[in-house]
Amino acid sequence: MLITQLRNATVLLEFQHAGRPVGLLVDPMLAPRGSLPALRYLGTRRQRNPLVDLPAEADAALQRVTHALITHCQRGHFDHLDRAGKQFLRERQIPVFCMPHDAAYLAQRGLQVLPLAGEGRQRFALGGHVTPVACTHGRGWVARFMEHGHGYLLELPGEPSVYLAGDTVLTPPVRDCLQRLQPDVAVLPAGGARFDLGADILMDAAEVAQAAALTTGAVVVNHLEALDHCPTTRAQVRALAQHGGWAHRLWVPEDGECRHYPVPTVKSDAMNSVAAEA
């Protein structure tokens with residue numbers, strides 16, 4: 001598995017299926033810097049989004065995209081699917097996996113939609129299985145106005161299992177996925193996002209540290225330094241990991257960076273058995 005961080009929550013997962021390369025693009029926000037609205041309205045933090053351009057490596061990475069996966073996209077969540085992202089998917093006729101709740105919304109925008117079956121572990125069209133994990137995008141009264149969506153646990157033959165958390169705070173379903181299912185790689189948001197009023201709507205560095213303590217697998221942290229309502233920095237996450245003794249499992253990628261994650265040797269035989277049974 002090759003994981004490339006593009007920007008914010010936009011990542012590319014690359015692996016093989018049926019002898020062919022797959023590039024699975026997650027939550028494409030592809031707009032130029034400053035072309036989207038601010039998400040804060042008071043104080044000095046207010047800036048138009050995104051705060052940074054896509055990295056130079058993005059063009060080559062996007063050429064390798066064959067499929068897309070959406071965690072949530074309605075109620076103005078342009079930071080996970082913006083106009084440029086929709087245009088990219090539509091013009092290239094990229095098949096888009098999503099939950100049934102988002103299928104009609106995406107189809108109305110001209111996208112080639114492949115809705116999942118709903119909740120529960122299920123066969124995945126790209127091999128193996130996918131398990132949607134419900135997100136809670138905020139606490140308190142502000143959560144009533146949010147689009148909560150789903151994260152996904154991907155279990156693919158011959159690849160490490162990958163949990164893409166989506167936009168969420170640390171909840172019992174997220175804890176259960178990390179602690180009981182023990183993904184080999186967990187991609188977690190740590191921006192600590194919040195609006196001018198209300199509680200956090202996303203995990204921050206401290207909550208990601210709690211999440212990391214639940215799993216023995218690798219932790220990839222993103223949703224950082226790209227939006228005006230996400231104050232957490234990469235340095236803060238790295239410092240907490242160093243202090244907590246889990247820095248050896250952590251990757252906080254810069255935009256454009258990529259890293260290979262091999263399937264753990266201990267799990268390889270078990271995954272091959274599952275693939276053979278399938």
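Throughout, residue positions are numbered sequentially from 1 according to the sequence presented.
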For V185, which of L164, T215, V162 qualifies under side-chain contact (heavy atoms from CB on, under 4.5 Å)?
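Of all the options given, the one that passes is V162.
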Hey, any chance [X] and [Y] share a hydrophobic cluster, counting ILVMFWY side chains that come within less than 4.5 Å of each other, even indirectly?
X	Y	answer
L2	V220	no
L30	L106	yes
L250	L188	yes

Looking at every heavy atom in both [X] and [Y], which two are closest together, and how far apart are they?
X	Y	value
L202	G191	CD2-N, 3.8 Å
G23	L12	C-CD1, 3.6 Å
V221	A190	CG1-CB, 3.2 Å
H223	C230	ND1-SG, 3.7 Å
D228	A38	OD2-CB, 3.5 Å
A31	P50	O-CG, 3.7 Å

* Any luck finding a side-chain donor-acceptor pair between T233 and E225 under 3.5 Å? -> no
- With no hydrogens and no angle check, do the side chains of H80 and D167 hold a donor and an acceptor under 3.5 Å apart? yes
Tell me, yes or no, whether the heavy-atom count around [X] atom [atom1], taken from other residues, nucleotides or ligands under 6.0 Å, exceeds 12.
X	atom1	value
H243	NE2	no
R92	CZ	yes
E254	CD	yes

Would you confirm whether [X], through its side chain, and [Y], through its main-chain N or O, come within 3.5 Å as a donor-acceptor pair?
X	Y	value
R238	V252	yes
S161	E155	no
T71	G149	no
D53	P32	no

Kindly indicate whether the side chain of [X], heavy atoms from C-beta on, has any atom under 4.5 Å from the side chain of [Y].
X	Y	value
I94	V65	yes
L153	L181	yes
L24	F15	yes
L116	C98	no
H129	Q122	no
E207	V169	yes
L81	L89	yes
N222	N8	no

Fill in: Derivation and outcome, side chain to side chain contact (heavy atoms under 4.5 Å, CB included), residues V187 and Y163
CA-CA 6 Å; V187 182; Y163 170 47; over 6 Å; no
To the nearest 0.5 Å, what is the distance between [atom1] on [X] and [atom2] on [Y]?
X	Y	atom1	atom2	answer
D59	L62	CG	CG	6.5 Å
H150	L69	NE2	CG	12.0 Å
L13	Y261	CG	OH	11.0 Å
T10	Q5	OG1	CD	7.5 Å
R83	R90	CZ	CZ	9.5 Å

#### Entry: Y105 six-ring face occupied by R109 cation (under 6.0 Å, within 45°)
yes
- For D255 and V52, run side chain to side chain contact (heavy atoms under 4.5 Å, CB included): C-alpha distance rounded to whole Å, both residues' side-chain angles, the deciding distance at 0.1 Å, then the answer. CA-CA 9 Å; D255 293 346; V52 294; 3.7 Å; yes
Self-check item: Salt-bridge criterion met for R7 and E257 (N-O under 4.0 Å)
Solution: no
*asked:* Centroid separation under 6.0 Å, is that true for the rings of F97 and Y152?
replied: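 That pair fails the under 6.0 Å test.
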For residues 12-32, the salt bridge (charged side-chain N to carboxylate O under 4.0 Å, His left out) pairs (sequence neighbours left out) are E14-R64
How far apart are the C-alpha atoms of T4 and E57, what are their side-chain angles, what is the distance that settles it, and do they pass the side chain to side chain contact (heavy atoms under 4.5 Å, CB included) test?
CA-CA 9 Å; T4 302; E57 296 84 354; 5.9 Å; no
Q: Test side chain to side chain contact (heavy atoms under 4.5 Å, CB included) on R175 and L170 and set out the steps.
A: CA-CA 7 Å; R175 288 178 179 273; L170 187 56; 3.5 Å; yes
